[in-house]
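Following: one structure in structure tokens, then a few remarks.
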Protein chains: 2
Amino acid sequence: MSKSSPPRRRRGSARTTLSQVADVAGVSAITVSRALNAPERVNAETRRHILATVERLGYVPNLVAGSLASASSRFIAVIVPSLANAVFIEVIQGLQETFEAEGYQILLGNTDYDLDREAQLVRTFLGWSCSALVTAGLRHSDACRSLLSQWDKPIMEMMELGEALDLNVGLDHSEAGRCMARHLLTRGYRQIVYVAGRMAEDYRAGLRYAGHREILEGEGLAAPLLDLAHLGSLEAGAAALERVLETHPRADAIHFANDDLATGALLHAQRLGLGVPKDIAIAGFNGLPLGQHVTPRLTTIRSPRQHMGQLAAQRLLARLQGDVVSRRQDVGFELLPGDSS
Amino acid sequence: MSKSSPPRRRRGSARTTLSQVADVAGVSAITVSRALNAPERVNAETRRHILATVERLGYVPNLVAGSLASASSRFIAVIVPSLANAVFIEVIQGLQETFEAEGYQILLGNTDYDLDREAQLVRTFLGWSCSALVTAGLRHSDACRSLLSQWDKPIMEMMELGEALDLNVGLDHSEAGRCMARHLLTRGYRQIVYVAGRMAEDYRAGLRYAGHREILEGEGLAAPLLDLAHLGSLEAGAAALERVLETHPRADAIHFANDDLATGALLHAQRLGLGVPKDIAIAGFNGLPLGQHVTPRLTTIRSPRQHMGQLAAQRLLARLQGDVVSRRQDVGFELLPGDSS
DNA sequence: CGCTGTTATGTTAGCGCTAACATCCTTTTT
DNA sequence: AAAAAGGATGTTAGCGCTAACATAACAGCG
């Protein structure tokens, strides 16, 4: 009988723990826990004393332990395809300011437009017992779908509208494409080239192109497409303008998949001495400030990006509190007719 | 003696656990743990069998439990003052791509240029047992300093150089200010106004102003300052131009604290029919693509933002592996003389 | 053939916290 | 005044995983 086992081990960090606080304050651990997490369940006097002790000992709660015990963390997983695009940054800002105010922390993942990476990120994030998950877009790999469908916490799919797993906040991209195509037709353009970047991956640009094409073909017009190797940058827009001039010399307008490309082309046209819209009209999508400050002002479509983030966060917060919320919300968009078309 | 206590409780999520996987695979829990986290310590055959079982059961490791047991998470806390500024986004991208490749997850915090919020974020992040912490800047509140100095994991302070708590990667902002001031003097400007946004908070702009002022005063020139209420945007830059024209009618150059302001002013000058640099010269700081695509091309200073992020991440990774790394690294900057000065 | 070293796996005991239940008062109700 | 209800605090038993130590099996060695 080895009753007298040698004192085996010693682990953990040297940091102050909740029970040390409890000992010093002369209460039980659970009372300290309650004083910090559910103050109203502790007598005001006791609470004051405990909080003073916490302060004095410099106690920093171990959130990992708390999450394990309660089987939930105050993490919100947010998965976006890119950080290079200002659109996602603004959406993230909207999410962040709203969630942070309620004490939630964002766990940010970047897929680089790769659905396998998305699945991998989802796996990791589920492992962190997140309270909810936000993802940009409705398209996922099978692996990702199966992980998500087994999950029992709220899921928000943003940016576009359609068949969602759970909640959905976004706008109708094919309608946006139609809207801009109609605008360009109204202004009299007939040879309109659509320019996108990596459209297979940035498939929302593809949805807009589909809308654009539908309108043009409805008028018996062709809808030529130029799909670039880069997603969107001023650089790529400038290069795209040159390519369009070369391959479609009769083009009278270019409908770009985003404002970065469109503005790059617009600024490059100035350098080339081309008149916009006299020689060639230019239109974009997003409504970034950049396009609104160049001369001529860029014709584009504004999406309520930051608002979309805030709205998505509010929905999720309501859902987390047990409220019933509508599953789908169209945030709409707005045509900003500029002087470039 | 209440030996026959009724079966008390049942908790936790319904998810598959590691020991369930172990039971099914016919091994012990620790062997499954090793197969997943230290594959080389398990026989190849056993490992294959375990991984197949993991796959079959759709087991998703509970990272919260793992972190508690090992007293460390693969989180890297990253604290920046703003997401609205492209500079920080690019630094974050650099950090992210490097850390993600090594299986670390970034925990992003945004202080909104508020040092108290920074301290609060640090508290939270310490509670998550992060492996390292990255923060933009060397200035912290006392509370924040005391939290950080008691911490035993690597800390990286980025963006600027100086007395750091631990590791430090950045550039010399006052030298950058001097560099641009010298450039403007060389080009013959003498009435140079410095325009910043919320300089008390964006104190690195203040460091650049100090350098700028030092050079001008060395030449016996005044160094008037205009400090805006907004940090930096095309909008604010345009407004700033008007204010400078009004309050300093004899100014021949404006040295802006960042490219957003500078580009906004430059584009606005075009709208006003002002010649740049004939009527007024304009210079910025950062070297954002935006300023390099307008006509005239913006004179600015390029900081290696993404590279700074990568470098910081590499240093931290090396440190986490136990390597000794130099504490300070100057990433330098580069004057990009454009046509706006 | 016992000794040491190596490889593969298992046993035990927590990591620091909180859910669930229990207890003990004080107040309110009838 | 006894019973019921509520408020404040405590006890117990894990959450799911991994560090530390333990064990077993086998190879190499003089």
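Being a predicted model, the structure only gives us computed values, none of them experimental.
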Polar pairs (N or O, both sides) under 3.5 Å between protein and nucleotides 23-26 of chain C?
none

Side-chain N or O of A:Tyr59 closer than 4.0 Å to phosphate OP1/OP2 of C:dC17: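 A:Tyr59 to C:dC17 OP1/OP2: side-chain N or O found under 4.0 Å.
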B:Ser33 side-chain N/O to D:dT18 phosphate OP1/OP2 under 4.0 Å: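 Answer is yes, contact under 4.0 Å.
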What is the separation between atom [atom1] on [X] and atom [atom2] on [N], rounded to the nearest whole Å?
X	N	atom1	atom2	answer
B:Asn62	D:dG16	CG	C1'	6 Å
A:Arg15	C:dG16	CZ	P	9 Å
B:Leu36	D:dG16	CG	C1'	13 Å
B:Ile50	D:dC17	CD1	P	14 Å
B:Leu126	C:dG16	CG	C1'	16 Å
A:Leu63	C:dC15	CG	P	18 Å
B:Leu68	C:dA13	CG	P	18 Å
A:Asn37	C:dA19	CG	C1'	13 Å

A:Gln329: side-chain hydrogen bond (donor to acceptor under 3.5 Å, both in side chains) partners, not counting sequence neighbours: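 Checked A:Gln329 against side-chain hydrogen bond (donor to acceptor under 3.5 Å, both in side chains); matches are A:Arg315.
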Any residue meeting side-chain hydrogen bond (donor to acceptor under 3.5 Å, both in side chains) with B:Asn110, in chain and number order, not counting sequence neighbours: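 For B:Asn110, the residues satisfying side-chain hydrogen bond (donor to acceptor under 3.5 Å, both in side chains) (neighbours in sequence not counted) are A:Gln96.
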Salt bridge (Lys or Arg N to Asp or Glu O under 4.0 Å) contacts in which one or both residues fall within residues 107-130 of chain A, not counting sequence neighbours: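 For residues 107-130 of chain A: A:Arg117-B:Glu100.
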Residue pairs, two or more places apart or on separate chains, that pass salt bridge (Lys or Arg N to Asp or Glu O under 4.0 Å) and touch residues 30-51 of chain A: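 Matches after skipping sequence neighbours: A:Glu45-A:Arg48.
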Pairs involving residues 17-43 of chain B, ordered by first then second residue, that meet ring-ring contact (aromatic ring centres under 6.0 Å, His included) (sequence neighbours left out):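 Qualifying pairs: none.
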Terminal axes of the helix from C:dC1-D:dG30 to C:dT30-D:dA1 (five pairs each): angle between them, nearest 10 degrees: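 The angle separating the two end axes equals 30°.
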Evaluation steps, side chain to side chain contact (heavy atoms under 4.5 Å, CB included), between A:Leu107 and A:Cys130: CA-CA 9 Å; A:Leu107 219 52; A:Cys130 292; 3.9 Å; yes
Indicate every side-chain donor-acceptor pair of residues 18-30 of chain A with a distance under 3.5 Å to a residue at least two apart or in another chain.
from: A:Ser19; atom 1: OG; to: A:Thr17; atom 2: OG1; distance (Å): 3.4
from: A:Ser28; atom 1: OG; to: A:Thr31; atom 2: OG1; distance (Å): 3.2

Report, one line per pair, each donor and acceptor closer than 3.5 Å where one atom sits in a side chain of residues 52-66 of chain B; sequence neighbours left out.
from: B:Thr53; atom 1: OG1; to: B:His49; atom 2: O; distance (Å): 2.8
from: B:Asn62; atom 1: OD1; to: B:Val64; atom 2: N; distance (Å): 2.9
from: B:Asn62; atom 1: OD1; to: B:Ala65; atom 2: N; distance (Å): 3.0

Where do N or O atoms of nucleotides 6-9 of chain C meet protein N or O atoms at under 3.5 Å, pair by pair?
from: C:dT9; atom 1: OP1; to: B:Thr46; atom 2: OG1; distance (Å): 2.6
from: C:dT9; atom 1: OP2; to: B:Asn43; atom 2: N; distance (Å): 3.0

5′-ward residue of the pair B:Ala65/B:Gly26 relative to DNA chain C: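 The 5'-side residue here is B:Gly26.
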Distance-minimising heavy-atom pair for A:Ala164 and A:Arg327: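 What the structure gives for the nearest pair is O-NH2, 4.0 Å.
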Hey, can you pull the donor-acceptor pairs under 3.5 Å for the side chains in residues 73-80 of chain B, sequence neighbours left out?
from: B:Ser73; atom 1: OG; to: B:Phe75; atom 2: N; distance (Å): 3.3
from: B:Ser73; atom 1: OG; to: B:Trp128; atom 2: O; distance (Å): 3.1
from: B:Ser73; atom 1: OG; to: B:Ser129; atom 2: O; distance (Å): 2.9
from: B:Arg74; atom 1: NE; to: B:Gly103; atom 2: O; distance (Å): 3.3
from: B:Arg74; atom 1: NH2; to: B:Glu102; atom 2: O; distance (Å): 2.6

Contact list for residues 148-160 of chain B, test side-chain hydrogen bond (donor to acceptor under 3.5 Å, both in side chains), sequence neighbours left out: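 Of all non-adjacent pairs touching residues 148-160 of chain B, those that pass side-chain hydrogen bond (donor to acceptor under 3.5 Å, both in side chains) are B:His140-B:Glu157, B:Glu160-B:Tyr203, B:Glu160-B:Arg204.
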